[in-house]
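Beneath this line is the structure, given in structure tokens, with notes to follow.
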Amino acid sequence: MDKKFRRQAKNSGSKKEEEVLKIVLDPSNRIEFVRVMFPDILGRQMDFAFPSEELEKAFREGKGFDGSSVEGFVRIEESDLVIKPDATTFRVLPWEYKGFSDETSWREAILFGDIMIPEGEHYQGDTRYVLKKVIEKGKKEFGIDDFKLGPELEFFIFPTDKEATPSDEGGYFFSGKHGEIRKEIQLLLKKMGIKSEYDHHEVAHGQHEIDLEYRSALEMADTCMTFRYMVKKVARMHNLYATFMPKPSNGQNGSGMHVHQSLWKNGRNIFFDTKDKYHLSETARHYMAGLMIHAREISAVCSQWVNSYKRLIEGYEAPVYIAWGQRNRSAYIRIPEYQPGKERATRIELRSPDPSCNLYLAFATMFRVGLEGIRKKYKLSEPVEENIYEMSNSRQRKFDIRTLPRNLEEAIKIMEKSALLKETLGDHIFSKFLENKRCEIEEYNRNVSREFDKQVSDYEIKRYLPFL
């Protein structure tokens, strides 16, 4: 990458249309194609590309595509949709593509955007738009300027996408392979303007984690989509396979996505209170109570696959119990310890989601039920600092500790009764999501016996590993 290109692209991710067009149409940058990315209703990456000369028109008119072929979108008789790229999401992929001829090479930029119907209105099946609407609700009704997130995305690296064979026998912080792959991923992301904060080998064999620097929610959802793509891309270039499947291996921890979150007004973190024992404001406590009271309702969105619930079982550091604490890693919410002078870092850590969910819907539902807690001033339960796994049933009842759903079927039955989620997601996404999950459950039940209720089956490896 030449010096001029580095100088122009270094701040990609916060540009206006005129700036983006100047970079893309500059012949010296050799950006020949623009790839537009968006999630389907299940959160999987969809994309298509067009020549860079078409970008100005795409900003003005959008680019049409057939929505009937995208999971959970429209019926065949309503298939036409348009996506309008959002210039602020502009990033350049940090490598050069080469053809069979040495004279053929090019670069490619990526953009996210808003999906519209031909009449010019927002498409109600656009899950990215759901997150945008909830963020706007927070601003309009609660005066919240920013909803910041810092997710920890765990993933496995396997030799292929056919078998969940561990690529090493490492554990938490030790003896693992492929640390250089984690570094390469981070360096490539850095070239795209995406910063990371931490990387390490995780508890399970072949399991890894890279933590991203916190960002505003919508930008973070786009960033995490790019991150998942990059992890898989780099692994593939090393003839390996990376997966965000929640629980690919029996007897090993599954992959979670612990989501650190905070709310901001006028540049101030409104979760912080210097007088509180845990340094949590009343707003933070109400927000946490919203997450806990509605935990079972949002479980199907944050843990959306049948396989997700093979991770959410006792004994593998999974947050099965709806409780909170500061040192308790068996709890649903953990409060990172306050460090003097780090008021801006005050946050809560939601531990139940996994990294294979629809990121836009997960972030939207977290925020929405938290806002509900603030609006109704929900009372937060007392913290639980002891290991809940080792508690007797009577002691769990004393703390009024509930559990997350045992499986996707239970989670769906709870979700379908939730007026709050229906209002948050909108009728189209709410009904399509439930319909899709019911089909997934039916297919699973036809192929897998009850003896695998807490075990990963061969069916799941065949069904989920190749694409999650």
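Just the heavy atoms: all of them, side chains too, but no hydrogens, waters or symmetry mates, feed the values below.
Using modelled atom types, one finds no donor on one side chain facing an acceptor on the other under 3.5 Å when comparing E180 with H238. There is no side-chain donor-acceptor pair under 3.5 Å between D114 and Y123. Between the side chains of K454 and Y309, no donor-acceptor pair is found at a separation under 3.5 Å. For the residue pair D222/T89, the side-chain donor-acceptor check at 3.5 Å is not satisfied. Using modelled atom types and a 3.5 Å distance limit, the side chains of H201 and D168 yield a donor-acceptor pair.
Between R450 and E409 there is no salt bridge, since no side-chain nitrogen of the basic residue lies less than 4.0 Å from a carboxylate oxygen of the acidic one. Between E282 and K377 there is no salt bridge, since none of the side-chain N atoms of the basic residue sits less than 4.0 Å from a carboxylate O of the acidic one. One finds no salt bridge joining K132 and D86 here, because no Lys/Arg side-chain nitrogen approaches an Asp/Glu carboxylate oxygen to under 4.0 Å.
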key: Residue pair F155, T243: steps toward the side-chain contact (heavy atoms from CB on, under 4.5 Å) verdict   = CA-CA 6 Å; F155 57 93; T243 180; over 6 Å; no
ask   = Hey, mind stepping through R296 and E410 against salt bridge (charged side-chain N to carboxylate O under 4.0 Å, His left out) and telling me if it holds?
value = CA-CA 9 Å; R296 289 168 58 81; E410 182 181 346; 3.0 Å; yes
task = Decide side-chain contact (heavy atoms from CB on, under 4.5 Å) for L350 and I333; before the verdict, give the C-alpha distance in whole Å, the side-chain angles of both, and the deciding distance to 0.1 Å.
result = CA-CA 5 Å; L350 183 66; I333 295 176; 3.9 Å; yes
ask   = Taking it one step at a time, do H208 and V231 satisfy side-chain contact (heavy atoms from CB on, under 4.5 Å)?
value = CA-CA 11 Å; H208 304 263; V231 169; over 6 Å; no
side-chain contact (heavy atoms from CB on, under 4.5 Å) between T424 and E372, intermediate numbers included = CA-CA 11 Å; T424 301; E372 191 72 357; over 6 Å; no
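In this structure, the side chains of E440 and E443 stay at 4.5 Å or more apart for every pair of heavy atoms. Contact annotation: the side chain of F244 approaches that of K232 to within less than 4.5 Å [non-hydrogen atoms, C-beta and beyond]. Looking only at side-chain heavy atoms (C-beta outward), K148 and S216 come within less than 4.5 Å of each other. Within the 4.5 Å cutoff, no side-chain heavy atoms of M237 are placed close to those of E184. In this structure, the side chains of F433 and Q304 come closer than 4.5 Å at one or more pairs of heavy atoms. Under the 4.5 Å side-chain criterion, counting only non-hydrogen atoms from C-beta, W324 is not in contact with I348.
Cation-pi contact between K63 and F48: absent, since separation from the ring centre below 6.0 Å together with deviation from the ring axis within 45° is not met.
The backbone N or O of S356 sits nowhere less than 3.5 Å from a side-chain atom of R44 that would complete a donor-acceptor pair. Although no hydrogens or angles enter the test, the distance criterion places no donor-acceptor pair under 3.5 Å between the side chain of R438 and the main chain of I412. The closest donor-acceptor contact from the side chain of S431 to the backbone of H428 lies under 3.5 Å. When atom types are taken as modelled, the side chain of S262 and the backbone of F271 share no donor-acceptor pair closer than 3.5 angstrom. The backbone N or O of S457 lies less than 3.5 Å from a partner atom in the side chain of E460, making a donor-acceptor pair. Between the side chain of Y360 and the main chain of D126, no donor-acceptor pair closer than 3.5 Å is present. Within the 3.5 Å criterion, the main-chain N or O of I414 finds no donor-acceptor partner in the side chain of S418. Judged purely by atom type and a 3.5 angstrom limit, D354 has no side-chain atom pairing as donor or acceptor with the backbone of M245. Looking at N307, its side chain does come within 3.5 Å of a backbone N or O of K247 through a donor-acceptor pair. Judged purely by atom type and a 3.5 angstrom limit, R402 uses its side chain to pair as donor or acceptor with the backbone of M292.
The aromatic rings of Y129 and H122 sit parallel, their planes meeting at an angle under 30°, below the 60° perpendicular limit. Using cut-offs of 30° and 60° on the angle between ring planes, the pair W95 and Y97 is perpendicular. Using bins of under 30°, 30° to 60° and over 60° for the plane-to-plane angle, the ring pair F367/Y287 lands in the tilted bin.
Surrounding NZ of K177 are at most 12 heavy atoms belonging to other residues, nucleotides or ligands under 6.0 Å away. Under a cut-off of 6.0 angstrom, the local environment of NZ in K233 is crowded, with over 12 non-hydrogen atoms contributed by other residues, nucleotides or ligands. The local environment of CD in E163 is sparse, with at most 12 non-hydrogen atoms from other residues, nucleotides or ligands closer than 6.0 Å.
The distance from the CG atom of L263 to the OG1 atom of T346 is 12.0 Å, given to the nearest 0.5 Å. Taking CZ from F142 and CZ from R375, the interatomic distance works out to 6.5 Å, rounded to the nearest 0.5 Å. To the nearest 0.5 angstrom, I144 atom CD1 is 7.5 Å from T283 atom OG1. The line from OG1 of T223 to CZ of R215 is 4.5 Å long, rounded to the nearest 0.5 Å.
Counting all heavy atoms, side chain and backbone alike, I335 lies closest to Y278 at CG2-O, 4.4 Å. The minimum heavy-atom distance between I115 and F65, with the atom names listed, is CG2-CZ, 4.1 Å. Residues D47 and M37 approach most closely at CB-CG, 3.9 Å, considering heavy atoms. Counting all heavy atoms, side chain and backbone alike, S167 lies closest to G206 at OG-CA, 3.9 Å. Nearest heavy atom pair, residue V384 against residue A323, reads CG2-CB, 4.2 Å. Taking every heavy atom of both residues into account, I41 and I429 meet most closely at CD1-O, 3.8 Å.
Of the residues listed (E202, Q207, E154), the one engaging S255 in a side-chain hydrogen bond (donor to acceptor under 3.5 Å, both in side chains) is Q207, and it is the only one.
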